[in-house]
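Atoms within each ligand, like the ligands themselves, are counted from 1 in listed order. Heads up: numbering here begins at 1 and tracks the sequence.
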Amino acid sequence: MERTQSIWHKETQLPHYPVLEGDTATDVLIIGGGMAGLLCAYQLKWAGVDCLVVEADRIAGGVTGNTTAKLTVQHGLIYETITRDWGREGAADYLRANQRGLEEYRTLGREIDCALVEKPAFVYTREESPKLRREQKALEAIGCETRWHRGTELPFPVVGALEMPGQAQFDPLRFLQGILPGLDIREGSTVRRVEGCTAVTDRGTIRAKQIIFCTHFPFVDRRGCYFMKMYQDRSYVLALEGAWSPRGMYIDQKEHGLSFRRAGELLLLGGGGHRTGRQGGGWEELRKAARRFWPQSREVAHWAAQDCMTLDGIPYIGRYSPAKPQWYVATGFNKWGMTSSMAAALLLREMVTKGRADWGWIFDPARTMKPLPLAANILSSTWGLLTPSLRRCPHLGCALQWNPRERSWDCPCHGSRFAFDGKLINAPASRDWGGAPEKK
Ligand code: FES
């Protein structure tokens, strides 16, 4: 597998934590040591709740260390969609939850040295499209300030750009360094199964009163059926030296278009994305853009991230399943995991400590799914199941696809990934695959 490293990981070493040994008990067990899990632990600790985080590998080893780290409530074109499906109340609930998350980052960022700086966020379009105007109207209808621009500082012409002022960017690992002291964490401790409120690892068990699943993709299939209502997407980033210094953070309204933000002296150029297990532009597309717009620039790092995508664009935060009232989940952040993680931590803190929250209802994992996207996602998985191949995913048996760019075996059904020797890289599969000789 190709070794890549984000600029965050290059610059910051997080502390190591011991493996869970033996049996223990806690009030709240948090499974998963990414940004969402660690923020849940931080918020609960400050609310006086005893909690323990268990991480299968290293904390912040997944998308948290490979994000572009934008802190914004502007999530592509989501507000018009939510207004259409859930009314203005739904869009306002989504906005308020993310504003709370952003505000909490601002508060913590005053104490933690994490390069948090205020920036405007922009969604731009290069083609005539009424969608962006509709998004502006949806935002105005719920009282959110926006500005329309006909031109931008981008190195190509745009038809329009929608600005949301007062957003922010930061360094996620430096931020985590600031919240980690005092948290109870075990690394290298894969949870193999959960029986009621007891989690079982290879070397011990954890008995809890409540459990929060922050494992990126929830791995307990019998409850919640997250594998039916999510899929995974890969996206790519280049860090360029000597390129261009944008004033704001930019993203294309098109699903897999280019994104831009500054990080110190570097330009972070994102894009090239695709559903996991399928083809897409990848780093090659980004390098082509870099050569075209900044031929004098130099690539200093490149990396990729894997995001959980929900079928309606709204994360799942709340009770894991109506049948499991002591289990909670935070997943499906749709590429907006930094702000959504904080919104999730604040919401779950309330649900865990008070039993309910009077906001954040839009994230309810038990909400109704639209039949068409659900059917399309199930059909896509069925196709993967019926595809002939000797190499089958240990999750539910779909045909694995060779990913020559990253030299891994990827599952197009729900996005599990494996190194060429079969070692598990990404859930929902919970064990290694038998492996095969590396394809040349
Ligand atoms: Fe579900 Fe592969 S990830 S079958």
Side-chain angles (χ1 to χ4, degrees), residues 1 31-32 34 36 55-57 61-63 66 190-194 213-235 273-280 282 304-312 315-316 320-321 327 329-335 337 365 369 373-439:
M1 203 182 90
I31 307 177
E55 162 58 43
D57 194 356
V63 73
N66 292 308
T190 305
V191 172
R192 299 291 175 195
R193 59 183 194 280
V194 182
F213 289 80
C214 294
T215 51
H216 188 63
F217 203 115
F219 64 91
V220 178
D221 284 335
R222 279 174 293 117
R223 308 282 177 194
C225 293
Y226 291 93
F227 67 94
M228 283 167 66
K229 49 190 190 182
M230 285 205 303
Y231 62 95
Q232 300 197 65
D233 227 32
R234 289 196 74 64
S235 53
H274 57 85
R275 184 169 172 147
T276 302
R278 305 257 169 85
Q279 302 298 315
Q306 173 135 318
D307 292 285
C308 287
M309 312 297 288
T310 63
L311 302 181
D312 58 5
Y316 299 120
Y320 197 98
S321 141
W327 291 9
V329 67
T331 187
F333 295 151
N334 298 296
K335 308 202 180 194
M369 287 288 109
L374 193 59
N377 202 41
I378 292 171
L379 198 67
S380 169
S381 300
T382 309
W383 181 256
L385 273 172
L386 297 177
T387 303
S389 170
L390 291 176
R391 299 175 180 98
R392 317 298 308 187
C393 176
H395 177 227
L396 294 178
C398 287
L400 293 174
Q401 303 292 326
W402 176 244
N403 172 351
R405 180 180 296 128
E406 298 178 83
R407 307 187 80 74
S408 59
W409 289 99
D410 299 353
C411 181
C413 288
H414 316 109
S416 293
R417 297 180 63 239
F418 305 86
F420 68 87
D421 60 359
K423 191 167 174 359
L424 178 67
I425 305 171
N426 289 109
S430 55
R431 62 186 168 87
D432 297 345
W433 162 64
E438 185 175 9
K439 213 165 168 175

Applying ring-ring contact (aromatic ring centres under 6.0 Å, His included), run through Tyr226 and Tyr320 and close with a yes or a no. CA-CA 9 Å; Tyr226 291 93; Tyr320 197 98; 5.1 Å; yes

Pick one: which of Pro428, Ser416, Pro412, Cys411 meets side-chain contact (heavy atoms from CB on, under 4.5 Å) with Gln232?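 By the side-chain contact (heavy atoms from CB on, under 4.5 Å) criterion, Gln232 pairs with just one of Pro428, Ser416, Pro412, Cys411: Pro428.
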
With sequence neighbours excluded, tell me which residues meet disulfide bond (SG atoms under 2.5 Å apart) with Cys393.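 Per chain and number, Cys393 pairs via disulfide bond (SG atoms under 2.5 Å apart) with no residue.
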
Tell me the protein N, O or S atoms under 2.8 Å from atom 2 (Fe) of ligand 1, in chain and number order.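 Counting only protein N, O or S atoms under 2.8 Å from atom 2 (Fe) of ligand 1, the list reads Cys393 SG, Cys411 SG.
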
Aromatic plane relationship, Trp327 with Phe213 - under 30° parallel, 30 to 60° tilted, over 60° perpendicular: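 Rings of Phe213 and Trp327: tilted, 30 to 60°.
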
With a cut-off of 6.0 Å (strictly less than), are more than 12 heavy atoms of other residues, nucleotides or ligands near CZ of Arg193?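 Check fails, neighbour count at 12 or below.
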
Identified side-chain hydrogen bond (donor to acceptor under 3.5 Å, both in side chains) counterpart of Asn403 within the set Arg405, Glu406, Arg407: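 It is Glu406; the other options fail the test.
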
